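Before I ask anything, let me first share the structure, which is written out below as structure tokens.
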There are 2 protein chains.
Amino acid sequence: MTVAKKRADSVTIVQVATRAGVSTATAGRVLGRYGYSSDEIRDRVNQAADELGYRPNRLARGLITGRTQTIGVVAGDISSDFYASAMRGIADVARADGFGAILTNSDENLDLEREAVQLLLEKQVDGLIVSPCDLVESPHLRAALAAQCRVVQIDRVVQDLPADSVTVDNRGAAKDCVGRLLSAGHTRIAFVAELESSDFGDVAQFIAAVATGIVGPQTLYPSWQRLLGYLEAHRDSGVRPDLDLIVRVGAYSVGAAKQAVLDLLALHPARRPTALFAGDGKMSTGAMAAISSLGLTVPDDLSLVCFDDLDWMGFVGGGITAVVQPVHQMGRMAAEFLLSRIAGDESEFRHVVLAAQIAERGSIGPARTPARGRPTEPR
Amino acid sequence: MTVAKKRADSVTIVQVATRAGVSTATAGRVLGRYGYSSDEIRDRVNQAADELGYRPNRLARGLITGRTQTIGVVAGDISSDFYASAMRGIADVARADGFGAILTNSDENLDLEREAVQLLLEKQVDGLIVSPCDLVESPHLRAALAAQCRVVQIDRVVQDLPADSVTVDNRGAAKDCVGRLLSAGHTRIAFVAELESSDFGDVAQFIAAVATGIVGPQTLYPSWQRLLGYLEAHRDSGVRPDLDLIVRVGAYSVGAAKQAVLDLLALHPARRPTALFAGDGKMSTGAMAAISSLGLTVPDDLSLVCFDDLDWMGFVGGGITAVVQPVHQMGRMAAEFLLSRIAGDESEFRHVVLAAQIAERGSIGPARTPARGRPTEPR
DNA sequence: CTGAAAGCGCTTACAG
DNA sequence: CTGAAAGCGCTTACAG
């Protein structure tokens, strides 16, 4: 197994020039659509190119111009709905401008993100769209910027990073939904989310920090932003949240979320939640699995808010309130920002916060303590 | 808005060489890890590179070696589960080998696919992973091959294309599932799938072609392969399928699928199906929407087979039989094949057909004519 | 093991 | 408007 040699002797600008009887500089001007050329020469060169089946080598052009017309994308995990949808938006915008998009996954892991950015920079991408892991330092992103590589942040924002961002109003959407639950009479609303890393310690410390007003929503991870909205809604209604109902699932997994919800529903009736806020898609899936495994029904036994664009809502009994994120639009906007920066836009950095859409399917449901439920047959 | 100038004067091999007091050739050998170099020189060069913050320019290397360590992916639509999952597998394998992957979407449209391939070739990708639209000609793929660009096909196979492929055993999985329905006593099994383009004309003509044995399952589109399995299962059980129950939805849309299923369930009771085979994820979603909008239940009113990896199965009452495709593995395999070809593997072309997994949730359900159902409130 | 020279396929000033 | 020459940042033979 010998390593494949260089690619077939592809036809270059030199051969086109020879056949057209012009210099390579002239052929280049016609083929690359830069500089001047007369109609006659243009026809001759184009014809020669057609006859030879000339295909420009963007590598060579990129080496000279310093622009590759390629952007790099650092997604968390392209197999998740969120990033898949965002990537589609990015790819569409890139393509319309003749750009390619290199996709990498970080799995929300800083080392992998760093590695990915390194690879992308070596490939000389003109810009980067990234969902940063580290919202404080991210020296690799600052280094990319220093290397003239434009950066646009998506979903999350690094503190003081001089780069555009496109995010969702997590806090506002959570506040809205939890507010609706509170208005419907719920006072025991569970909050189940990943809430993995935090700069504030545990939930109690976070609440304390919020109370002192030192929490800047901008620099929080999305799930913490959602918790912030949850807390604000409680504050505004004068309902004091029960800390035991705020669950940090920790692992980003359906199974862990299901177990967390089962635990909540096994609490003493007086302490059991009457409503549940599921912090993201995985949590929603786990919550639904837990609920249906107990033979409970939404919203009769339990009210449910899912922060997730629920494709499966059509199949589920009503009563679910869903937060639908404009993910595709986020991708498009991020790419548009990036391409405009690459094209030379030096205006002030934009931090766009898109509103999420709240979709209620049927009534939100009464605040009635759910039965413990009987595990149903696994089917 | 002036176009950004060339990127910052990044440090090149020349500067590293100067600082280390060696020639650029030597510096290149150390930095690029090719050719010989003494330990002492190696240290000097590496140190100089570190001090200067040298970052290799893969563009320049690619121009010389003719290898970019980049692969191109032409997906149908990255925002669909299928391609998102496949892409994840591809990206993982690529990354492990230091390759990047440029993603493009064809929307199953030949012109877009052609355009995408053209862009990728101009970017000098070393190889291409593609879900081809045109299973017969695909001259652009043959041209790519001719240009020394390796190709691996995924999900679908072009006739006589000298390239590896990784596909799913659509026909076998469909035959298996439909066989189970037939064994359970169903004789009126509806088949709802996109079945858009065909080289055989309508369904009747396809059936005739199958009967004469001129249908090579390899060269069929997946949905037609599934129909083939459906027909074979019927043939083996001696049950004659009712052509009116085989619905070509045409459009690849949930709404169209829902309408198709509503129409089936509005048939005269004697002609109404007792079971339904939904040909893919969109069709499954549409079918479920139709069924639940009529207030019907699976599998009591209607048995259902979904060719789809149903994430939402946890939320739905039991009785659904799902075909789970090993999509992630397909992506991984395709990338592995491609990288081995790029590395010089010249062995015979591989056409791997992966088995799909059949997941039954509860019993398949009785063959009982479903009630017409009453439309339930939209909720 | 190291260095001087040539060159990958293009674009960019600079003359004409 | 066109052409001769230089060069982007590397790697590749080829001498030594």
Side-chain angles (χ1 to χ4, degrees), chain A residues 3 5-46 48-49 52-69 121-124 126 147-148, chain B residues 3 5-46 48-49 52-69 121-124 126 147-148:
Chain A
V3 167
K5 287 285 169 289
K6 304 192 42 173
R7 59 183 53 250
D9 339 82
S10 51
V11 0
T12 73
I13 223 170
V14 177
Q15 300 165 52
V16 175
T18 308
R19 176 173 257 256
V22 298
S23 70
T24 60
T26 299
R29 274 188 284 259
V30 174
L31 266 12
R33 270 176 268 279
Y34 52 85
Y36 304 96
S37 52
S38 64
D39 289 354
E40 192 229 322
I41 292 269
R42 199 158 21 214
D43 289 347
R44 279 226 313 269
V45 171
N46 280 328
L52 261 27
Y54 170 76
R55 177 185 300 126
N57 182 334
R58 293 199 185 219
L59 238 51
R61 176 184 306 188
L63 190 57
I64 299 175
T65 60
R67 320 279 308 298
T68 53
Q69 300 210 92
L121 290 179
E122 290 184 6
K123 287 193 177 296
Q124 314 296 122
D126 296 330
Q148 299 283 50
Chain B
V3 168
K5 286 287 170 288
K6 302 191 44 171
R7 56 184 54 247
D9 339 82
S10 52
V11 359
T12 72
I13 224 171
V14 176
Q15 300 165 53
V16 175
T18 308
R19 176 173 256 256
V22 298
S23 70
T24 60
T26 300
R29 275 188 283 259
V30 174
L31 268 10
R33 269 177 267 281
Y34 53 86
Y36 303 97
S37 50
S38 65
D39 289 354
E40 192 229 321
I41 292 270
R42 198 157 21 212
D43 288 346
R44 280 225 314 268
V45 171
N46 281 327
L52 261 26
Y54 170 75
R55 178 185 299 126
N57 182 334
R58 294 198 183 219
L59 237 53
R61 177 184 304 189
L63 190 56
I64 298 174
T65 62
R67 319 280 307 297
T68 52
Q69 300 211 91
L121 290 179
E122 290 184 6
K123 287 194 177 296
Q124 313 297 121
D126 296 330
Q148 299 286 50

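The figures that follow rest on heavy atoms only: side chains count, while hydrogens, waters and symmetry mates do not. Order of the sequence lines fixes the chain letters, A, B, ..., with proteins taken first and strands second; residue numbering starts at 1 for each chain. As the structure is a prediction and not an experimental result, all values here were calculated from the model.
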- Task: Return the value, rounded to whole Å, for the distance between atom NZ of B:Lys123 and atom C1' of C:dG9.
- Result: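 The answer, rounded to whole Å, is 15 Å.
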- Working to the nearest 0.5 Å, report the span between CD of B:Gln124 and CZ of A:Arg55.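 If we round to the nearest 0.5 Å, B:Gln124:CD and A:Arg55:CZ are 8.0 Å apart.
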- Non-neighbouring partners of B:Asp43 that pass side chain to side chain contact (heavy atoms under 4.5 Å, CB included), sequence neighbours left out: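 Result, side chain to side chain contact (heavy atoms under 4.5 Å, CB included) vs B:Asp43: none returned.
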- Write down the distance between CD1 (B:Ile64) and P (D:dG7), rounded to a whole number of angstrom.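 To the nearest whole Å, that distance equals 17 Å.
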- Counting heavy atoms from C-beta on, name the nucleotide in D:dC1, C:dC1, C:dG9 closest to the side chain of A:Leu63.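 Nucleotide nearest to A:Leu63's side chain: C:dG9.
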- Item | Separation of A:Leu52 CG from A:Ile13 CD1 (nearest 0.5 Å) |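 Here the rounded value is 12.0 Å.
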- Residue pairs fulfilling salt bridge (charged side-chain N to carboxylate O under 4.0 Å, His left out) with at least one residue in residues 10-25 of chain A, sequence neighbours excluded: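 As it turns out, the salt bridge (charged side-chain N to carboxylate O under 4.0 Å, His left out) pairs with a partner in residues 10-25 of chain A, which skip direct neighbours, are A:Arg19-A:Glu51.
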- Under 4.0 Å between a side-chain N or O of A:Tyr36 and OP1 or OP2 of D:dT2?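 So the side chain of A:Tyr36 is outside the cut-off, no N or O lying under 4.0 Å from OP1 or OP2 of D:dT2.
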- How close or far is atom P of C:dG9 from atom CD of B:Glu122, stated in whole angstroms?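 From B:Glu122 CD to C:dG9 P: 15 Å.
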- What is the distance, rounded to the nearest whole Å, between atom OH of B:Tyr34 and atom C1' of D:dA13?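 Rounding to the nearest Å, OH of B:Tyr34 and C1' of D:dA13 are 12 Å apart.
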- Item | C:dC8 OP1/OP2 closer than 4.0 Å to side-chain N/O of B:Thr65 |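 It does not, given that no N or O in the side chain of B:Thr65 lies less than 4.0 Å from OP1 or OP2 of C:dC8.
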- Drop me the distance from B:Leu31's CG to B:Asn46's CG, to the nearest 0.5 angstrom.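 The CG atom of B:Leu31 sits 6.5 Å away from the CG atom of B:Asn46.
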- Paired and unpaired positions of DNA chain D as dot-bracket, Watson-Crick or G-U wobble under 3.5 Å, | denoting a partner strand: |||.||||||||.|||
- Query: Roughly how far, to the nearest 0.5 Å, is the OG1 atom of B:Thr65 from the CG atom of B:Asp126?
  - Reply: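 The CG atom of B:Asp126 sits 8.0 Å away from the OG1 atom of B:Thr65.
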- Query: In chain order, what residues pass the side chain to side chain contact (heavy atoms under 4.5 Å, CB included) check against A:Arg58, with sequence neighbours excluded?
  - Reply: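 Partners of A:Arg58 by the side chain to side chain contact (heavy atoms under 4.5 Å, CB included) criterion, ordered by chain and then number, come out as A:Gln69, B:Leu119, B:Glu122, B:Lys123.
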- Item | Any residue meeting side chain to side chain contact (heavy atoms under 4.5 Å, CB included) with A:Arg29, in chain and number order, not counting sequence neighbours |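 Side chain to side chain contact (heavy atoms under 4.5 Å, CB included) check on A:Arg29 returns A:Ala25, A:Thr26, A:Tyr34.
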- Query: What residues form a side chain to side chain donor-acceptor pair (under 3.5 Å) with B:Arg44, not counting sequence neighbours?
  - Reply: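 Once residues adjacent in sequence are excluded, the partners of B:Arg44 under the side chain to side chain donor-acceptor pair (under 3.5 Å) criterion are B:Glu40.
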- Close approaches to DNA chain C from residues 53-62 of chain B, in residue order (heavy atom, under 4.0 Å):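 Nothing qualifies; none.
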- What is the distance from CD of A:Gln148 to P of D:dC8, rounded to the nearest Å?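 One finds 17 Å between P of D:dC8 and CD of A:Gln148, rounded.
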- Under the side chain to side chain contact (heavy atoms under 4.5 Å, CB included) test, residues paired with B:Thr18 that sit two or more places apart: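 With neighbours one apart ignored, the set is B:Val14.
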- Message: A:Thr12: which residues meet the side chain to side chain donor-acceptor pair (under 3.5 Å) condition with it, sequence neighbours left out?
- Response: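 Testing A:Thr12 for side chain to side chain donor-acceptor pair (under 3.5 Å), a comparison that skips the adjacent residues, returns none.
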Identify the pairs formed between an N or O of the protein and an N or O of nucleotides 3-6 of chain C at a distance under 3.5 Å, and give each distance.
unit_1	atom_1	unit_2	atom_2	d
C:dG3	OP2	B:Ser23	N	3.1
C:dG3	OP2	B:Ser23	OG	3.3
C:dG3	OP2	B:Thr26	OG1	2.6
C:dG3	N7	B:Arg29	NH2	2.6
C:dG3	O6	B:Arg29	NH1	3.1

